[in-house]
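Presented below is the structure to which this report refers.
The shown structure was predicted, so the numbers you read here are calculated from the model rather than taken from an experiment. Keep in mind that the numbers below use all heavy atoms, side chains included, and drop hydrogens, waters and symmetry copies.
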Amino acid sequence: MMIVAYAKNNMLDDALMLFDKMTVRDAISWNSMIKGCVDCGELCLARRLFDEMPERNVVSWTTMVNGYLKFGRVEVAESLFWDMPERDIAAWNAMIHGYCGNGRVEEGLKLFEKMPCRNVISWTAMIGGLDQNGKSEEALLLFRKMMALDVVPTSSTFACVLTACANAMDFNVGVQVHSHVFKLGYYIDEFISASMISFYSNCKKVKNAHQIFSETLSKNVVIWTALLTGYDLNSKHEAALRVFSDMIKTDILPNQSTFTSALNSCRGLKAIDMGKEIHAIVIRLGLETDVFVGNSLIVMYNECGNISDAVAVFEKINNKNVASWNSVIVGSSQHGQGMWALIFFNQMIRACVDPDEITFTGLLSACSHSGMLQKGRCFFEYIHLYKPMALKLQHYTCMVDILGRWGKLEEAEKLIKNMPMKANSMIWLALLSACRMHSNIEVAERAARSIFDLEPDCSAAYVLLSNLYASAGRWTDASRIRMEMQQGGVVKQPGSSWVNLKGRKHEFLS
């Protein structure tokens, strides 16, 4: 018991010292010490103890299998699993959970089918694993199979199934599960209530979600956060912030997920004052250095136009992840601070954080907004040479925009035609907009033809080409384009010009 307590409190040296002093050690002593090493991140030490153990039992083997799976060393865990002299159902379940937790759900499913005997934990692990790996429909099919075999679900099973219903937006199955939950008396379970709130919210039934919340007798932070997130998901940001305010008044301490949803609602309303109040609560709770809360604060300040506060938050995050760097790089780009974006990218590389496609979109966009042609070319060439798999259509669109701003229209056109993927209307609109800026009718006509081949009713292309003809004094051509637009029933859409389309490049960050 003392070894377990020391390990739980990250006092591994004390646990080891006590273990060494033990005159008699049984299997439980060894297993407790091995698990303590695993829990404290000392996998090598755990393996050494496992190898020194005089007599191992199935718990010893399963503990080591779990340890390797926890640190993503699936092959070692797999080898150890098949080397086990005997495997109980807990060992099989551990391996299935580990496969799914490491994104190898197909292997988990194959192992599940090989199991000589399954219990409800096996079924629940597989259902949850399928759902967590984007296979929510398959998770629900497996649940139906489980019910057909008369396996009695637990509250954990229902929570997993409701989450799968939410992700698959399968309202009918979710309602049936709700009925089962009510009949079996699980509706008083707090995690079941939270799962039902999330399910109804995902299916756009916010009133139902609120009703579940109201009927829940004991409301913990998970339930409050589920309702808040549900309102945020359905763009009911004012209601979400009221829930957050009520939660604070009820003395429920928010967690990382609570702050993420609340700050997202502040962003949706551009409510920077409320965002700052929430930031103050974050500081009081000592969560300002937390990477998830910090990332949410950065995005909120970026969206509300306060890049300086976003950078200040970024600097205080302890263990920055790629999303932290992307948020500050994209934010700097959006607010015209191109050099800041480049400085942050250099720091990111020195911190050994691997950039991804969002990073490169932010960098190229920064070069575009700040008029840095040569740096834009260098970054594009760098991605092309060293990260070709990360090169997506949005990166080509950014590069066309950079070249277009500098009047390199033929070069931009050539880049589009030599892309490895098919061009869409947006990238041609970037070129057409640049032609309008530099009064290049010849390239503009070719760009417009390409747009009309892809999207015959693109009003932005008609307007840009007509305005280009008009600015060049070619009134007959301008009138002809307007006439073609009217005859085709094309109506000018507000916000369809390239000026607004450029903003779409970062929508995926929202």
What's the verdict on salt bridge (charged side-chain N to carboxylate O under 4.0 Å, His left out) for E411 and K408, showing C-alpha distance, side-chain angles and the deciding distance? CA-CA 5 Å; E411 185 181 342; K408 309 290 184 182; 5.8 Å; no
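- The side chain to side chain donor-acceptor pair (under 3.5 Å) test applied to Y200 returns H178, not counting sequence neighbours.
- For the pair N424 (side chain) and I427 (backbone), a donor-acceptor distance under 3.5 Å is present.
- With respect to the salt-bridge test (charged N to carboxylate O, under 4.0 angstrom), the residues E381 and R377 do not qualify.
- Legend: salt bridge (Lys or Arg N to Asp or Glu O under 4.0 Å) pairs involving residues 132-145, not counting sequence neighbours, sorted by first then second residue: E106-K135, K135-E138.
- Residues F259 and D290 have side chains not in contact (no heavy-atom distance under 4.5 Å, counting atoms from C-beta outward).
- Partner I402 forms a side chain to side chain contact (heavy atoms under 4.5 Å, CB included) with one of S370, S365, C367 and no other, that one being C367.
- The shortest heavy-atom contact between E357 and A390 is CB-O, 3.6 Å.
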Show me the side-chain donor-acceptor pairs of residues 225-232 shorter than 3.5 Å, one per line, residues at least two apart or across chains.
residue: T225; atom: OG1; partner: V221; partner atom: O; Å: 2.7
residue: T225; atom: OG1; partner: T258; partner atom: OG1; Å: 2.6
residue: T229; atom: OG1; partner: T225; partner atom: O; Å: 2.7
residue: T229; atom: OG1; partner: S261; partner atom: OG; Å: 2.7
residue: D232; atom: OD1; partner: H237; partner atom: ND1; Å: 3.3
residue: D232; atom: OD1; partner: N264; partner atom: ND2; Å: 2.8
residue: D232; atom: OD1; partner: S265; partner atom: OG; Å: 3.3
residue: D232; atom: OD2; partner: N264; partner atom: ND2; Å: 2.9

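- A 4.5 Å side-chain heavy-atom check between T361 and C398 finds at least one atom pair inside the cut-off.
- Take N306 and apply the side chain to side chain donor-acceptor pair (under 3.5 Å) test, not counting sequence neighbours, and it matches D309.
- H279 contributes no side-chain N or O that, together with a main-chain N or O of L297, makes up a donor-acceptor pair within less than 3.5 Å.
- The shortest side-chain heavy-atom distance between E303 and V299 falls under the 4.5 Å cut-off.
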Test W325 against F314 for ring-ring contact (aromatic ring centres under 6.0 Å, His included), laying out the working first. CA-CA 8 Å; W325 292 97; F314 171 80; 4.9 Å; yes
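- Although no hydrogens or angles enter the test, the distance criterion places no donor-acceptor pair under 3.5 Å between the side chain of S333 and the main chain of I329.
- Within 6.0 Å of atom NZ in K270, more than 12 heavy atoms from other residues, nucleotides or ligands are found, so the atom counts as buried in its surroundings.
- Between the side chain of H210 and the main chain of K207, no donor-acceptor pair closer than 3.5 Å is present.
- Within a 6.0 Å radius of CE in M389, no more than 12 heavy atoms belonging to other residues, nucleotides or ligands are found.
- Residues T359 and V353 form no side-chain contact, since every pair of their non-hydrogen atoms from C-beta on lies 4.5 Å or further apart.
- Residue pairs meeting the salt bridge (Lys or Arg N to Asp or Glu O under 4.0 Å) criterion with at least one partner in residues 253-264, sequence neighbours excluded, do not occur; the list is empty.
- Residue M437 qualifies as enclosed at atom CE: its count of foreign heavy atoms under 6.0 Å is above 12.
- In this structure, the side chain of T397 engages the main chain of L393 through a donor-acceptor pair within 3.5 Å.
- Taking the six-membered ring where tryptophan is involved, the planes of Y386 and Y382 are tilted, since the angle between them lies from 30° to 60°.
- Taking each heavy atom of F199 and V175 in turn, the nearest pair found is CZ-N, 3.9 Å.
- For E442, the CD atom sits in a loose shell: 12 or fewer heavy atoms of surrounding residues, nucleotides or ligands are nearer than 6.0 Å.
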Run the ring-ring contact (aromatic ring centres under 6.0 Å, His included) test on W224 and F213 for me, step by step, so that the C-alpha distance in whole Å, both residues' side-chain angles and the decisive distance to 0.1 Å come before the verdict. CA-CA 8 Å; W224 280 94; F213 176 82; 5.0 Å; yes
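- Looking only at distances, a side-chain donor or acceptor of S324 sits under 3.5 Å from a matching main-chain atom of N321.
- Side chain of N302 to main chain of A310: no donor-acceptor pair is present (N/O by atom type, distance under 3.5 Å, no hydrogens or angles).
- F171 carries K205 over the face of its six-membered ring, with the cationic atom under 6.0 Å from the centre and within 45° of the normal.
- Listed for the S479 side chain is no donor-acceptor partner under 3.5 Å among the backbone atoms of W475.
- No more than 12 heavy atoms of other residues, nucleotides or ligands sit less than 6.0 Å from atom CD of E238.
- Under the 3.5 Å distance criterion, with hydrogens and angles disregarded, no donor-acceptor pair is assigned to the side chains of E78 and Y68.
- With sequence neighbours excluded, the residues satisfying ring-ring contact (aromatic ring centres under 6.0 Å, His included) with F81 are W92.
- Among residues at least two apart or in separate chains, ring pair (Phe, Tyr, Trp, His ring centres under 6.0 Å) pairs with a member in residues 410-462 are F452-Y462.
- Under a 4.0 Å N-O distance rule, the pair R405/D401 qualifies as a salt bridge.
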Where do K417 and E413 land on the salt bridge (charged side-chain N to carboxylate O under 4.0 Å, His left out) test, with the steps shown first? CA-CA 6 Å; K417 289 180 177 178; E413 185 181 18; 3.5 Å; yes
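- Here side-chain hydrogen bond (donor to acceptor under 3.5 Å, both in side chains) pairs that include residues 164-175, with residues two or more places apart or in two chains, are D131-N167.
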Begin from the C-alpha positions of F380 and F360 and carry the test ring-ring contact (aromatic ring centres under 6.0 Å, His included) through to its verdict. CA-CA 8 Å; F380 192 82; F360 295 130; over 10 Å; no
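- Here the closest heavy-atom approach between residue F71 and residue G41 is recorded as CZ-CA, 3.5 Å.
- Looking at residues two or more places apart in sequence or on another chain, you find no side chain to side chain donor-acceptor pair (under 3.5 Å) involving H335.
- Between R436 and S471 there is a side-chain heavy-atom pair separated by less than 4.5 Å.
- A444 and L468 make their closest contact through CB-CD2, 3.2 Å (heavy atoms, listed as atom of the first residue, atom of the second, distance).
- A search for side chain to side chain donor-acceptor pair (under 3.5 Å) contacts involving E445 returns Y469, not counting sequence neighbours.
- Panel note: side chain S79, backbone V76; no donor-acceptor pair is recorded below 3.5 Å.
- The pair D273-K276 fails the salt-bridge criterion, with no side-chain N (NZ, NE, NH1 or NH2) lying under 4.0 Å from an Asp/Glu carboxylate O.
- The shortest distance between side-chain heavy atoms of R350 and N346 falls below 4.5 Å.
- Across all their heavy atoms, P254 and M247 have their closest contact at CA-CE, 3.7 Å.
- Across all non-hydrogen atoms, the minimal contact from V443 to C435 is CG1-SG, 3.6 Å.
- Distance alone, capped at 3.5 Å, places no donor-acceptor pair between the S245 side chain and the L241 backbone.
- Applying the salt bridge (Lys or Arg N to Asp or Glu O under 4.0 Å) test to every pair with at least one member in residues 278-288, sequence neighbours left out, gives these pairs: E288-K316.
- Side-chain contact between S332 and I307: present, with at least one pair of heavy atoms (C-beta onward) separated by less than 4.5 Å.
- By the salt bridge (charged side-chain N to carboxylate O under 4.0 Å, His left out) test, D356 is found to be paired with no residue, residues two or more places apart in sequence or in another chain being considered.
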